[in-house]
Undergrad: 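Right, I'll just put the structure down here and ask away after.
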Amino acid sequence: MRQSDIANPKELNQVSDDGRSAREPGAETVPEARPVIDFDRFRPTRSSIRARKRHDGVMTALIACSFLIALVPLASVLWVSVSRGVKRLNWDFLTHNMSGVVGGNPTATGGHGGILHAIIGTLEVTAGAMVISVPIGVMCAVFLVEYASGSRLARAVSLLVDVMSGIPSIVAGLFAFSMFAALAGPGTVNGFSGSVALSLLMVPTVVKTSEDMLRVVPDDLREAAYALGVSKQRTITRIVLRTALPGIVSGVILATARVIGETAPLLIASGFIASTNPNLFSGRMTTLPVYVYNEFSQGLAVCGPGAVPGCVAGIRMERAWSAALALIVVVLLLNLLGRLVSRVFSAKASE
């Protein structure tokens, strides 16, 4: 047999565009046999359907029970605070301080002291802490995500932020007190010192939440901005931060709610005063948590024989519960304000 009579395997397998063999022009292609799938084999049986329904019912019941168990402490705290705090929470209580209040005796206005100085102190000290911690926390998160992502410096900063988040609050108060004692003299106590102490507790929360929100922003938005010739700084400020703004605001609210109820650092850094001090940078300043602690620690008032009519022995506990309820209301208002800000300045609202 000659070499030319042997068919080339490549020629045998060569198929033209219309499906016919190159060596056999008149041959028709045979369609490949497709596998037949028996879908009845995958059809669930009645017993498996009943088992799925049982499992679904059990998991639904467990989730509902978990929700109810988690709701019990919250509902209990709110109920006790409202039921005990609403008794003294009136206009006189909100518009007067503790100047001239002696024991359980009523004041000249018919009340038993108030929390005006504590409300002003809480708002000013918390606002000072937000002014310090929010820019630092957001800029730190921008640096970690946009400029130093994955570098050794970013890992080191993230580690330090995690360590700061576990610092006890009283250590922050001692640090602020020591810093102002070194800068302004021994024994310096003012509201701004308390703001510095609270900012040390706020910064880690703001950094972590802002970092998570910035990482959620799709890279396509950044690449589209760079493709249009937008600078990196403008892309971050006008696109990335605007897109992540609702999450950042939620993180700031979470950090504020965490520090607004701190007592130990403010006892050291800001102290306590019975009168109203509107100056954040001079003199002692009372906040609502410190007011509650001070009222609770004093115990019952003396209302013995010959006491002034209207003297209330348990007035201090009543004032403590009313101040606690006022603090809850302040936190609620801050949450509502934060939601409003995030809705107004979000990317969807600006379109």
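No experiment lies behind these values; they were computed from the predicted model shown. Computed from heavy atoms alone, side chains included, the values below leave out hydrogens, waters and symmetry copies.
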Undergrad: Do side-chain atoms of Ser210 reach the backbone of Val207 as a donor and acceptor pair under 3.5 angstrom?
TA: no
Undergrad: Please examine the side chains of Asn279 and Ser282, heavy atoms only from C-beta on, and report whether any two atoms are closer than 4.5 Å.
TA: yes
Undergrad: Does Val58 reach the side chain of Lys53, with side-chain heavy atoms less than 4.5 Å apart?
TA: no
Undergrad: Would you say Leu214 and Val216 make side-chain contact, with heavy atoms under 4.5 Å?
TA: no
Undergrad: Would you check if Phe272 and Thr287 make a side-chain contact, meaning some heavy-atom pair closer than 4.5 Å?
TA: no
Undergrad: Any side-chain heavy-atom pair from Met285 and Asn190 closer than 4.5 angstrom?
TA: no
Undergrad: Can a salt bridge be assigned to the pair Arg222 and Asp219 using a cut-off of 4.0 Å between side-chain N and carboxylate O?
TA: yes
Undergrad: Verify, without hydrogens or angle tests, whether Arg319 (side chain) and His112 (backbone) share a donor-acceptor contact under 3.5 angstrom.
TA: yes
Undergrad: Checking Ser149 side chain against Glu146 main chain: does a donor-acceptor pair fall under 3.5 Å?
TA: no
Undergrad: Are Lys87 and Phe93 in a cation-pi setup, meaning NZ or CZ lies under 6.0 angstrom from the ring centre and within 45 degrees of the ring axis?
TA: no
Undergrad: Would you say the side-chain atoms of Ser81 pair up with the backbone N or O of Leu78, donor to acceptor, closer than 3.5 Å?
TA: no
Undergrad: Can you find a heavy atom in the side chain of Thr256 that is under 4.5 Å from one in the side chain of Met130?
TA: yes
